[in-house]
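This report refers to the structure that appears directly beneath it.
Throughout, a chain's letter reflects where its sequence line sits, starting with A, and its residues are numbered from 1.
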Amino acid sequence: MCGRYSLFTPREELEERFDATFETSPEPRYNCAPGQRLPVVTNDDPGAFRSLKWGLVPPWADDRKVGSNLINARAETVREKPSFREAFERRRCLVPADGFYEWVQTEGGKQPYRVAFEDDRPFAMAGLWERWKPPQTQTGLGDFAGGGAADAEAETLETFTVVTAEPNELVSDLHGRMSVILAPDEEETWLHGDGDDAAALLDTYPDDEMRAYPVSTRVNSPANDDSSVVEPVER
DNA sequence: CCAGACGTTGTT
DNA sequence: GTCTGG
DNA sequence: CCAGACGTTGTT
DNA sequence: GTCTGG
């Protein structure tokens with residue numbers, strides 16, 4: 001999975017780590033959720049953190065709501081699926097994070113866990129991105145050269161999805177899928193390599209330096225975007 | 001040929 | 001139950 | 001991922 | 001746009 005993550009690493013550290021710059025200082029994020037605009041590094045502009053909406057909308061979709069389903073793409077099939085094939089070949093991105101959340105069903109309800117590196121260092125999840133324009137609405141005969149083009153421009157939507165694979169041993173205790181984490185020396189190839197080389201990176205990241213711990217159910221609501229949701233709680 | 005889907009997760 | 005919004 | 005809505009008519 | 005199902 002990966003349906004929620006954190007990104008509270010300070011701006012300077014992120015800029016140095018990814019060799020990219022923010023246009024404006026990002027707020028520390030403890031509860032990044034689908035549907036939100038979040039910083040990613042795209043292959044066509046790797047020197048910048050760009051704000052894209054989480055939930056990939058394929059270019060041929062007739063409704064932007066399609067994106068709410070496509071927050072993840074399976075590594076095993078991403079090169080074949082019509083929704084992802086083109087993006088995989090031409091539009092890959094890095095999705096910076098410093099932890100992600102998993103929910104485990106228990107007797108008393110769902111218990112959220114945070115998974116992160118032991119030192120909370122940031123990492124890149126493998127992502128794909130797209131650019132979508134609303135279908136041309138039927139403009140009347142008198143509406144050429146009007147506001148239509150400007151509207152479409154304004155409504156152009158850039159979106160991304162996170163690639164998932166089998167979980168490592170640590171995460172497999174919590175969940176059956178895990179987002180693909182790229183090693184730093186793999187990021188260049190993910191962004192700019194050919195399809196075969198990029199596909200070879202879609203494996204499971206080892207859990208040696210990772211940890212998982214229960215957190216408050218406050219994380220359930222994306223509105224609770226504060227540091228309390230990364231604090232360990234007793235089970 | 002046209003119509004309709006195109007996806008993931010988890011759960012049953 | 002299912003869909004939308006965050 | 002979870003939370004929260006899920007509808008219409010008419011009136012202000 | 002492209003693929004699958006009828």
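Between the CZ atom of A/Arg79 and the C1' atom of E/dT2 there is a distance of 18 Å, rounded to whole Å. Rounding to whole angstrom units, CZ of residue A/Arg74 and C1' of B/dT9 are separated by 9 Å. A straight line from CG of A/Leu38 to C1' of C/dG5 spans 14 Å, rounded to a whole angstrom. The CZ-P distance, from A/Phe100 to B/dT8, rounds to 18 Å in whole Å. With rounding to whole Å, A/Arg37 atom CZ is found 17 Å from C/dG5 atom P. Counting to the nearest Å, the P atom of E/dG1 and the CG atom of A/Asp63 are 18 Å from each other. Whole-Å rounding puts the A/Lys53 NZ to C/dT4 P distance at 12 Å. Summarising the geometry, the separation between CD on A/Glu80 and P on E/dT4 is reported as 11 Å, rounded to the nearest angstrom.
With respect to A/Arg177 and A/Glu166, a salt bridge is recorded, a charged nitrogen being found less than 4.0 Å from a carboxylate O. Ion pairing of A/Arg17 with A/Glu187 is present here, as a side-chain N (NZ or NE/NH1/NH2) and a carboxylate O approach within less than 4.0 Å. Of the charged side-chain nitrogens involved, none lies within less than 4.0 Å of a carboxylate oxygen, so that A/Asp44 and A/Arg91 do not count as a salt-bridged pair. Under the 4.0 Å criterion applied to side-chain N and carboxylate O atoms, A/Lys53 and A/Glu158 are not assigned as salt-bridge partners. Ion pairing of A/Arg50 with A/Glu23 is absent here, as no side-chain N (NZ or NE/NH1/NH2) approaches a carboxylate O to less than 4.0 Å. Ion pairing between a basic and an acidic side chain is recognised when a charged N comes within 4.0 Å of a carboxylate O; A/Arg11 and A/Glu15 show such pairing.
A/Thr77 comes within 4.0 angstrom of the backbone, heavy atoms only, and of no base. A/Trp103 comes within 4.0 angstrom of the backbone, heavy atoms only, and of no base.
The phosphate of B/dT9 has OP1 or OP2 within less than 4.0 Å of a side-chain N or O from A/Thr164. Side-chain N/O atoms of A/Arg177 include one lying less than 4.0 angstrom from OP1 or OP2 on B/dT9. OP1 or OP2 of D/dC2 lies within a sub-4.0 Å distance of a side-chain N or O belonging to A/Lys110.
Ring orientation note: the planes of A/Tyr5 and A/Trp54 are tilted relative to one another, at an angle of 30° to 60°.
With sequence neighbours excluded, the residues satisfying side chain to side chain donor-acceptor pair (under 3.5 Å) with A/Glu86 are A/Arg90.
Note: A/Arg218 CZ to A/Glu231 CD = 11.5 Å, rounded to the nearest 0.5 Å. Atom CG of A/Leu170 is separated from atom OH of A/Tyr113 by 11.0 Å, given to the nearest 0.5 angstrom. One distance of note links CZ of A/Phe84 with CG of A/Asn72; it measures 8.0 Å at 0.5 Å rounding. Of the inter-residue distances, the one linking A/Leu94 atom CG with A/Asn43 atom CG reads 9.5 Å to the nearest 0.5 angstrom.
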Atom pairs under 3.5 Å: protein N/O with N/O of nucleotides 3-6 of chain D:
from: D/dA3; atom 1: OP1; to: A/Asn220; atom 2: ND2; distance (Å): 3.3

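For the P atom pair drawn from B/dC6 and C/dT2, the interatomic distance equals 15 Å after rounding to whole Å. Between C/dG1 and D/dT11, the two C1' atoms lie 33 Å apart (nearest whole Å).
Counting only Watson-Crick and G-U wobble pairs whose two key distances fall under 3.5 Å, DNA chain C forms stems of three or more stacked pairs at C:1-6 with D:1-6.
Residue pairs meeting the side-chain hydrogen bond (donor to acceptor under 3.5 Å, both in side chains) criterion with at least one member in residues 205-216 of chain A, sequence neighbours excluded, are A/Arg114-A/Tyr213, A/Asp120-A/Arg211, A/Arg121-A/Glu209.
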For A/Asn31 and A/Arg4, what are the C-alpha separation, side-chain angles and deciding distance, and is it a side chain to side chain donor-acceptor pair (under 3.5 Å)? CA-CA 6 Å; A/Asn31 201 349; A/Arg4 214 70 78 77; 3.0 Å; yes
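Set against D/dC2, E/dG1, B/dT8, the side chain of A/Pro82 has E/dG1 as its closest nucleotide.
Proximity of a side-chain donor or acceptor of A/Thr159 to a complementary backbone N or O of A/Val57 within less than 3.5 Å is detected.
Of the residues in residues 83-95 of chain A, those lying under 4.0 Å from DNA chain B by heavy-atom distance are A/Ser83, A/Phe84. Of the residues in residues 225-235 of chain A, none lies under 4.0 Å from DNA chain B by heavy-atom distance.
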